[in-house]
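For reference, the structure is listed below as structure tokens.
Counting convention: from 1, in listed order, for ligands and their atoms alike.
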Amino acid sequence: MNLIVAVDKNWAIGKENKLLVSIPADMKFFRQETTGKVVVMGRKTLESFPGGLPLKNRTNIVLTRDKNYQAKGAVIVHTLEELLKELEKYPAEEVYCIGGESIYRLLLPYCDTAHITKIDYGYEADRYFPNLDESGEWEVTASSEEQTYFDLEYRFVKYVRKAK
Ligand SMILES: NC(=O)c1ccc[n+]([C@@H]2O[C@H](COP(=O)([O-])OP(=O)(O)OC[C@H]3O[C@@H](n4cnc5c(N)ncnc54)[C@H](OP(=O)(O)O)[C@@H]3O)[C@@H](O)[C@H]2O)c1
């Protein structure tokens, strides 16, 4: 399984159920990477999207503990076990965990590739992603040139889980 996330310099990812910043080239990268694939998200991340709607041209799988929850155009699952069963239908390399914090933490042990947009700024935040540089379990296999969006500097970094 893959994951894809944008983090700030403190590995922060969100505040008040919103992204910290929206960088058009990062949104484009996200779209290119996930289109035609399977995206797995938490209920709060689904509800953070425009209109609370699933992402187009992708199979959307949403985790919630609410048995009555429905979202048109999304597959709803209620436990990790139910999710893993559902994911047996798809090749692991076509599945992307897209957040938020609770779902990244839940699925990180099942991920072997992480596409991380690293933004060189520290925002006020209330949601974080685990620091892969400190974990010792991940290595950087590719890093883009530094990109800029107005005053912001960021780069696209690919991490792969180290062989045991
Ligand atoms: N920077 C990025 O790349 C990025 C990407 C995605 C999201 N975000 C940000 O992350 C924040 C949201 O993260 P979050 O942690 O608050 O919410 P979240 O992970 O999107 O969703 C949390 C919800 O998922 C469900 N859930 C979690 N664990 C579950 C489990 N084991 N089994 C069944 N359901 C489970 C629960 O839904 P119920 O309450 O319905 O039971 C829970 O309330 C927002 O600020 C968002 O903008 C950032």
Side-chain angles (χ1 to χ4, degrees), residues 1-35 37-88 95-111 113-133 135 138 140 143-144 147 149 152-159:
M1 196 186 310
N2 301 273
L3 69 85
I4 185 163
V5 65
V7 303
D8 84 349
K9 67 177 185 182
N10 304 310
W11 295 78
I13 64 166
K15 184 164 186 244
E16 292 168 355
N17 214 32
K18 293 201 235 3
L19 296 175
L20 299 172
V21 58
S22 177
I23 301 174
D26 183 46
M27 295 294 150
K28 186 175 177 191
F29 175 71
F30 175 86
R31 205 166 49 245
Q32 283 174 343
E33 194 64 37
T34 59
T35 292
K37 308 284 173 53
V38 179
V39 290
V40 181
M41 74 201 84
R43 190 261 308 163
K44 290 185 183 170
T45 289
L46 173 70
E47 292 182 357
S48 77
F49 294 155
L53 293 171
L55 300 175
K56 283 184 198 147
N57 305 319
R58 280 149 278 199
T59 299
N60 288 243
I61 303 179
V62 178
L63 270 149
T64 173
R65 295 186 179 89
D66 180 351
K67 292 279 183 214
N68 298 315
Y69 193 81
Q70 294 186 345
K72 202 163 172 252
V75 176
I76 308 295
V77 292
H78 306 93
T79 61
L80 175 61
E81 293 65 34
E82 200 184 332
L83 172 68
L84 296 176
K85 188 87 198 139
E86 179 68 21
L87 292 179
E88 286 174 8
V95 179
Y96 284 74
C97 173
I98 64 164
E101 175 177 335
S102 72
I103 303 306
Y104 288 132
R105 292 188 189 279
L106 181 71
L107 297 183
L108 189 59
Y110 301 91
C111 291
T113 304
H115 299 279
I116 306 214
T117 303
K118 291 182 122 181
I119 303 162
D120 192 13
Y121 186 80
Y123 293 88
E124 261 190 48
D126 58 19
R127 291 292 183 275
Y128 291 83
F129 187 87
N131 183 329
L132 297 191
D133 294 324
S135 85
W138 293 81
V140 172
S143 184
S144 74
Q147 319 277 311
Y149 175 59
L152 274 184
E153 293 168 350
Y154 65 99
R155 57 179 82 229
F156 299 106
V157 184
K158 183 175 174 181
Y159 287 76

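Protein heavy atom nearest atom 9 (C) of ligand 1, with residue, atom name and distance: I13 O, 3.9 Å. Scanning the protein heavy atoms around atom 7 (C) of ligand 1, the nearest turns out to be T45 OG1, 3.3 Å. Given atom 44 (C) of ligand 1, the protein heavy atom at minimum distance is N17 OD1, 3.4 Å. Of all protein heavy atoms, the one closest to atom 19 (O) of ligand 1 is S102 OG, 2.6 Å. The nearest heavy-atom contact from the protein to atom 30 (C) of ligand 1 is R65 NH2, 3.4 Å. Atom 3 (O) of ligand 1 has as its closest protein heavy atom A6 N, 2.8 Å. The closest protein non-hydrogen atom to atom 43 (O) of ligand 1 is K44 CE, 3.6 Å. Protein heavy atom closest to atom 25 (C) of ligand 1, with residue, atom name and distance, is L63 O, 3.3 Å.
Checking side-chain atoms of R31 against main-chain N and O of F29 turns up no donor-acceptor pair under 3.5 Å. No donor-acceptor pair under 3.5 Å is formed between the side chain of E47 and the backbone N or O of G52. Using a distance-only test at 3.5 Å, with no hydrogens or angles considered, a donor-acceptor pair links the side chain of Y104 to the main chain of I4. Although no hydrogens or angles enter the test, the distance criterion places a donor-acceptor pair under 3.5 Å between the side chain of R155 and the main chain of S144.
Residue K18 touches ligand 1 through its backbone alone, judged by heavy-atom distances below 4.0 Å. Residue R127 touches ligand 1 through its side chain alone, judged by heavy-atom distances below 4.0 Å. At a heavy-atom cutoff of 4.0 Å, ligand 1 is contacted by the backbone of H78 but not by its side chain. At a heavy-atom cutoff of 4.0 Å, ligand 1 is contacted by the backbone of I98 but not by its side chain.
Counting only heavy atoms from C-beta outward, the side chains of H115 and K158 approach each other to under 4.5 Å. V40 places a side-chain heavy atom less than 4.5 Å from the side chain of V95. Using a 4.5 Å heavy-atom threshold, the side chains of C111 and Y159 count as separate. Proximity of V21 to D26: side-chain heavy atoms (C-beta onward) are nowhere separated by under 4.5 Å. Residues W138 and I116 form no side-chain contact, since every pair of their non-hydrogen atoms from C-beta on lies 4.5 Å or further apart.
Residue contacts with ligand 1: R105 is excluded, as none of its non-hydrogen atoms falls under 4.0 Å. Using a 4.0 Å cutoff on heavy atoms, Y104 counts as a contact of ligand 1. Not a single heavy atom of L80 sits under 4.0 Å from any atom of ligand 1.
Exactly one residue among N2, T45, N60, L46 makes a side-chain contact (heavy atoms from CB on, under 4.5 Å) with V39. That residue is N60.
Near G14, meaning under 4.0 Å from one of its heavy atoms, ligand 1 places the atoms 45 (O). The contact set between ligand 1 and L19, taken as ligand atoms under 4.0 Å from a residue heavy atom, comprises 1 (N), 2 (C), 4 (C), 47 (O), 48 (C). Of all atoms in ligand 1, numbered sequentially from 1 with element shown, those under 4.0 Å from a heavy atom of K15 are 45 (O). Numbered from 1 in the order shown, with element, the atoms of ligand 1 that lie under 4.0 Å from a heavy atom of E101 read 13 (O), 14 (P), 15 (O), 19 (O). Atoms of ligand 1 lying under 4.0 Å from at least one heavy atom of R43, given by number and element, are 21 (O), 23 (C), 24 (O), 37 (O), 38 (P), 39 (O), 40 (O), 43 (O).
Under a cut-off of 6.0 angstrom, the local environment of OH in Y69 is crowded, with over 12 non-hydrogen atoms contributed by other residues, nucleotides or ligands.
When only interatomic distances are considered, the shortest N/O to N/O separation between D126 and ligand 1 does not fall below 3.5 Å.
Salt bridge absent: K15 and D8 never bring a charged side-chain N and a carboxylate O closer than 4.0 Å. Between E88 and K85 there is a salt bridge, since a side-chain N of the basic residue sits under 4.0 Å from a carboxylate O of the acidic one.
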